[in-house]
Number of protein chains: 2
Amino acid sequence: MPAPLIPKEEVLDRLTAAFRQHGFDGASIARLSEATGLGKASLYHYFKGGKQEMAEAVMAHVGGSFSELVLDPLRRDAAPAQRLNQMILGLNEFYHRGNASCILDLFGIGSAGELFRLQLKGSIDRFRNAIARTLEDAGLDQTIATNRAEDAVVAIQGALVISRATDSRDAFQRVIAELPGRLLRQP
Amino acid sequence: MPAPLIPKEEVLDRLTAAFRQHGFDGASIARLSEATGLGKASLYHYFKGGKQEMAEAVMAHVGGSFSELVLDPLRRDAAPAQRLNQMILGLNEFYHRGNASCILDLFGIGSAGELFRLQLKGSIDRFRNAIARTLEDAGLDQTIATNRAEDAVVAIQGALVISRATDSRDAFQRVIAELPGRLLRQP
DNA sequence: GTCTATAAGCAGATAGAC
DNA sequence: GTCTATCTGCTTATAGAC
């Protein structure tokens, strides 16, 4: 029995890249096979549930990276401004400086929408809450903190859409650079 | 020769709805046929270029509605605040109160991305410029006006992504309601 | 301008050898 | 765990009758 050609971690990275590039409906098994370097049958050996299971694994994988790079910095024991700055660095890496689409966008569309809506909702909640806590720690009123946190999530998603559509990272870079100031401003 | 069952305008409305619901890759000819009530062959009679031409027609059609509902109010001869308020009303109608995805998002993904990138870029430019002019008319510095206009486009796109992912119109409604204040605030 | 029927190819998924 | 070969159904697109 041959050893796996590449570790599962690497397979997930490549599947993630393919889904991010083509979306769920556009990512055919043939493309996923090419992206991973594994034959179709090998993919089905890894993921017996087929394309849906691949997408679920990608969601979990991406969720892990997001927690590490973006959420954990927000939850650390540091000054709110510092936590937000760390989040910006994490966002920049997570979204490849604005080159990568967000799964929250891609998996909300078409047939993926029905499959993943609940998980998308949960991910958005966690992100918004982590930012809101940070803003409350900075002394902001709870309602204001929640709304501004949602504004941040909205701005990030919108910036990614615009950056993709215009094939330029400028919008994403400007928006995330201005985030800490917008979130912490008075009142 | 039988008369057309439904006017082309109505065909475009239904195609638009189907593309908005399923995305480009997810909108199969069978679904488009069902959505319009026309047989596949009738669709190809209308759109000899196939699915791509249907999508192009939808882009043009949607672009027309957008100009009417959103851009024209911004270009009218009225006070900037009033023009922005009219834009909000137009956005609310154009995006079905937050229920409809934006073509700028959907057609930036997957195989549609390569086909429509230039048009997407143009549409975003026109929208941002129309807002920026309004803000300049309100006395804002040109650079600030341009950045805030981009922020508005970003916020609208992001709010639509979040509203779709969470299956709730709340984010969209709050974001667009707060737009005029955010755009016109001093400094 | 509509339809039914069909072509040709790609989709997701599987069987079974090594 | 990998592969080649294959199945079934759906995909885009077309032909041709009415």
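Naming: A, B, ... by sequence-line order, numbering from 1 per chain.
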Open item on the list: Applying ring-ring contact (aromatic ring centres under 6.0 Å, His included), can you list everything that pairs with A/F47, at least two apart in sequence or on another chain?
Closed with: none

Open item on the list: In this structure, how many angstroms lie between the P atom of C/dG12 and the CG atom of A/L38, rounded?
Closed with: 16 Å

- [ ] Assign a letter to each nucleotide of nucleotides 5-11 of chain D from its 5' end: B, base within under 4.0 Å of a protein heavy atom; S, sugar-phosphate only; -, no contact.
- [x] ------S

- [ ] Calculate the interatomic distance between B/L43 atom CG and C/dT4 atom C1'; express it in whole Å.
- [x] 15 Å

Task: Residue list, side-chain contact (heavy atoms from CB on, under 4.5 Å) with B/E150, at least two apart or on another chain - done: A/A171, A/R174, B/R128, B/V154

- [ ] Mind calculating the distance between CZ (A/F47) and P (C/dA13) to the nearest angstrom?
- [x] 13 Å

Open item on the list: Tell me the interatomic distance from A/L32, atom CG, to C/dA11, atom C1', rounded to whole angstroms.
Closed with: 12 Å

Open item on the list: If I take atom CD in residue A/E34 and atom P in nucleotide C/dC10, what distance separates them, rounded to the nearest angstrom?
Closed with: 13 Å

Please report, to 0.1 Å, the donor-acceptor pairs under 3.5 Å made by any side chain of residues 68-76 of chain B, with sequence neighbours excluded.
none

Open item on the list: Heavy-atom nearest nucleotide on DNA chain C for A/K48 versus B/S42: which residue maps closer to 5'?
Closed with: B/S42

Task: Members sharing A/V161's hydrophobic cluster (side chains within less than 4.5 Å) - done: B/V161

Open item on the list: Ring-plane angle category for B/F116 and B/F107, please: parallel below 30°, perpendicular beyond 60°, tilted otherwise.
Closed with: parallel

Open item on the list: Nearest whole Å is fine: how far is D/dT14 P from B/Y44 OH?
Closed with: 7 Å

For a quick test of your reading: what N or O donor-acceptor pairs under 3.5 Å do the side chains of residues 97-104 of chain B make, sequence neighbours left out?
residue	atom	partner	partner atom	Å
B/N99	OD1	B/R169	NE	3.0
B/N99	ND2	B/H96	O	2.8
B/S101	OG	B/R164	NH1	2.8

Task: Separation of C/dA11 P from A/H22 NE2 (nearest whole Å) - done: 11 Å

Task: Pairwise 5' ranking along DNA chain C for B/Y46 and A/M54, keeping only the more 5' one - done: B/Y46

